[in-house]
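To start, the structure under review is shown below, and the notes come after it.
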Amino acid sequence: MNILDHLKKKNVKLFILFFVIAFVFLIFSKLSNDYKQTIKLKVNLVNVDDEILLKNDSANYIQAYVEAKGFSLMPFIFNNSKALEIDAKSDVTIKPNSFIFDVIKHKYLIEGQLGNAYDLISIMPDTLLIAYSKRASKSVPVTFKSSINYAVGYDLKGEFNFNIDSVKVVGSLEEVDAISSIATEALVLNDLKSDINNIVRLDISGYDHIDVFPKTMEVTGEVVRFTEGTIEVPILITNQPENVIINYFPKTVTLSYYVDLENYNAIKALDFKVECDYAELEENQTFLIPKVVKKPDFVKHINIKQKQIDFIEL
């Protein structure tokens with residue numbers, strides 16, 4: 001009895017196996033046949049100017065009647081559409097308020113994007129009108145915002161470098177005219193001791209219907225070790241009347257400054273100039289105010305230890 005049951009079960013399994021194999025062969029045989037089908041080609045315009053705003057995008061379709069193997073048509077069982085990229089600079093004719101795409105003329109382009117697996121039988125419509133509206137635009141400078149705290153003994157060498165210095169703002173004419181610059185979102189870095197290489201976004205949160213191109217800016221900067229130095233620099237008196245003779249003290253001032261280690265030994269007193277402007281004296285004032293009017297570009301955080309220069313008229 002057990003042997004009979006075993007044979008019956010074995011026969012059932014073999015039957016199922018042969019049935020599955022036959023079904024698979026049938027499917028492959030069917031998919032190897034040629035079929036005809038209509039495919040919707042969704043026209044996507046690329047390389048479009050930032051000011052252009054496409055209208056009624058859901059209507060920008062081309063009907064392509066194709067012949068292909070069943071295998072090639074399988075992806076269209078649940079979605080019978082395919083994207084078709086059209087270059088707005090070279091593939092269309094630009095008219096006021098619309099792009100004109102000559103479908104028949106660009107049959108080769110459609111065939112190329114469909115691929116060799118599809119034979120294009122017919123396409124419609126002959127011409128596709130893609131409606132658009134044009135927004136106002138202009139270029140404005142970018143203002144970089146940051147909150148950077150450097151680690152002790154470190155600072156930025158030179159200046160920040162940016163990959164762009166302006167952006168295009170696009171929107172309604174009224175809003176665009178009112179914008180003179182666009183700021184970045186603040187770059188926040190703490191305890192920094194390595195080079196800066198960050199992407200920051202442009203901040204348009206204060207505008208309702210404005211867009212910017214590009215939307216980000218790359219910021220780079222070299223961060224190196226810095227040290228403090230001091231130097232004695234002579235004082236020059238400017239705008240002193242010819243009929244006025246004065247004696248002032250001290251004749252030099254001490255400057256403290258912050259400089260990167262590489263340039264520390266290269267600094268000389270001649271690299272700085274400190275002046276006191278006699279014309280800035282107020283009535284009965286008996287001292288002059290020293291100001292640094294010349295310094296090396298790589299020097300930071302200059303401080304004059306003597307804040308006042310006493311003088312007397314002779």
Side-chain angles (χ1 to χ4, degrees), residues 140-162 164-166 180-184 186-193 195-196 198 200 217 219-314:
V140 297
V142 176
T143 302
F144 175 56
K145 293 173 61 178
S146 65
S147 177
I148 300 176
N149 296 313
Y150 298 94
V152 176
Y154 289 83
D155 209 321
L156 178 70
K157 182 179 180 180
E159 303 293 335
F160 292 110
N161 298 306
F162 311 108
I164 58 171
D165 58 10
S166 62
S180 58
S181 66
I182 291 289
T184 67
L187 175 62
V188 180
L189 300 170
N190 291 305
D191 197 32
L192 187 65
K193 58 178 67 174
D195 290 345
I196 297 169
N198 292 79
V200 293
M217 181 173 73
V219 182
T220 59
E222 185 181 3
V223 177
V224 298
R225 284 187 175 276
F226 272 67
T227 189
E228 188 177 52
T230 58
I231 199 165
E232 290 288 324
V233 178
I235 300 170
L236 298 175
I237 308 298
T238 61
N239 295 316
Q240 180 179 338
E242 292 183 1
N243 61 340
V244 174
I245 301 174
I246 66 171
N247 189 19
Y248 58 92
F249 184 83
K251 298 291 192 295
T252 63
V253 291
T254 302
L255 302 182
S256 63
Y257 53 86
Y258 209 41
V259 64
D260 61 279
L261 294 179
E262 183 179 349
N263 288 304
Y264 178 77
N265 292 323
I267 292 181
K268 301 185 259 321
L270 292 175
D271 297 328
F272 300 86
K273 182 184 288 187
V274 177
E275 295 180 350
C276 293
D277 190 347
Y278 191 92
E280 293 181 352
L281 281 175
E282 296 182 1
E283 188 175 356
N284 298 324
Q285 184 175 317
T286 59
F287 59 86
L288 299 163
I289 306 296
K291 296 178 182 178
V292 178
V293 296
K294 175 189 171 185
K295 71 174 185 65
D297 292 336
F298 51 81
V299 166
K300 296 174 176 281
H301 313 311
I302 290 186
N303 182 56
I304 304 177
K305 292 193 175 181
Q306 294 84 1
K307 305 301 181 185
Q308 298 180 358
I309 305 299
D310 295 322
F311 77 95
I312 57 173
E313 290 189 12
L314 301 178

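Quick note: numbers below take in every heavy atom, side chains included, and nothing from hydrogens, waters or symmetry partners. Remember, predicted model here, so these are calculated numbers, not experimental data.
- Side-chain contact check for D191 versus N149: every heavy-atom pair is 4.5 Å or farther apart.
- The stretch residues 248-266 participates, sequence neighbours left out, in these salt bridge (charged side-chain N to carboxylate O under 4.0 Å, His left out) pairs: K157-E262.
- To the nearest 0.5 Å, the span separating CG on L156 from CD on E222 amounts to 8.5 Å.
- What you find for F311 and I246 is that their closest heavy atoms are CD1-CG2, 3.9 Å.
- For the pair Y264 and E228, the tightest heavy-atom approach, listed with the atom from each and the gap, is CE1-O, 3.9 Å.
- Environment of CD1 in I312: crowded, with over 12 heavy atoms of neighbouring residues, nucleotides or ligands closer than 6.0 Å.
- The side-chain hydrogen bond (donor to acceptor under 3.5 Å, both in side chains) analysis of residues 285-300, with sequence neighbours excluded, yields the pairs E280-K291.
- Counting only heavy atoms from C-beta outward, the side chains of I309 and F249 never approach each other to under 4.5 Å.
- A distance of 10.0 Å separates CD of Q240 from CG of L281, quoted to the nearest 0.5 Å.
- Between D277 and A279, the shortest heavy-atom contact is OD1-N, 3.0 Å.
- Closest of all the heavy-atom pairs between V140 and S180 is CB-O, 3.8 Å.
- In this view, Y258 satisfies the side-chain hydrogen bond (donor to acceptor under 3.5 Å, both in side chains) rule with no residue, not counting sequence neighbours.
- The side-chain heavy atoms of I148 and I196, taken from C-beta on, include a pair separated by under 4.5 Å.
- Contacts of Y278 classified as ring-ring contact (aromatic ring centres under 6.0 Å, His included), with partners at least two apart in sequence or in another chain: none.
- Put simply, the residue from L187, V200, N198 that forms a side-chain contact (heavy atoms from CB on, under 4.5 Å) with M217 is V200.
- The main-chain N or O of K145 is found under 3.5 Å from a side-chain atom of T184 such that the two form a donor-acceptor pair.
- Annotation: side chain to side chain contact (heavy atoms under 4.5 Å, CB included) contacts of P296 (sequence neighbours excluded): D271, F272, F298, V299.
- A search for side-chain hydrogen bond (donor to acceptor under 3.5 Å, both in side chains) contacts involving D310 returns nothing, not counting sequence neighbours.
- Scanning both residues, F160 and F162, for their nearest heavy atoms gives CB-CZ, 3.6 Å.
- Between atom CD1 of residue I231 and atom OG1 of residue T252 there is a gap of 11.0 Å, rounded to the nearest 0.5 Å.
- Separating the NZ atom in K307 from the CD1 atom in I289 is a distance of 10.0 Å, to the nearest 0.5 Å.
- How far CD1 of I237 is from OH of Y248: 5.0 Å, rounded to the nearest 0.5 Å.
- The distance from atom OG1 of T220 to atom CG of N161, rounded to the nearest 0.5 Å, is 4.0 Å.
- In this structure, the side chain of Q306 engages the main chain of T254 through a donor-acceptor pair within 3.5 Å.
- Of all heavy-atom pairs spanning Y257 and V259, the tightest one is CE1-CG1, 3.8 Å.
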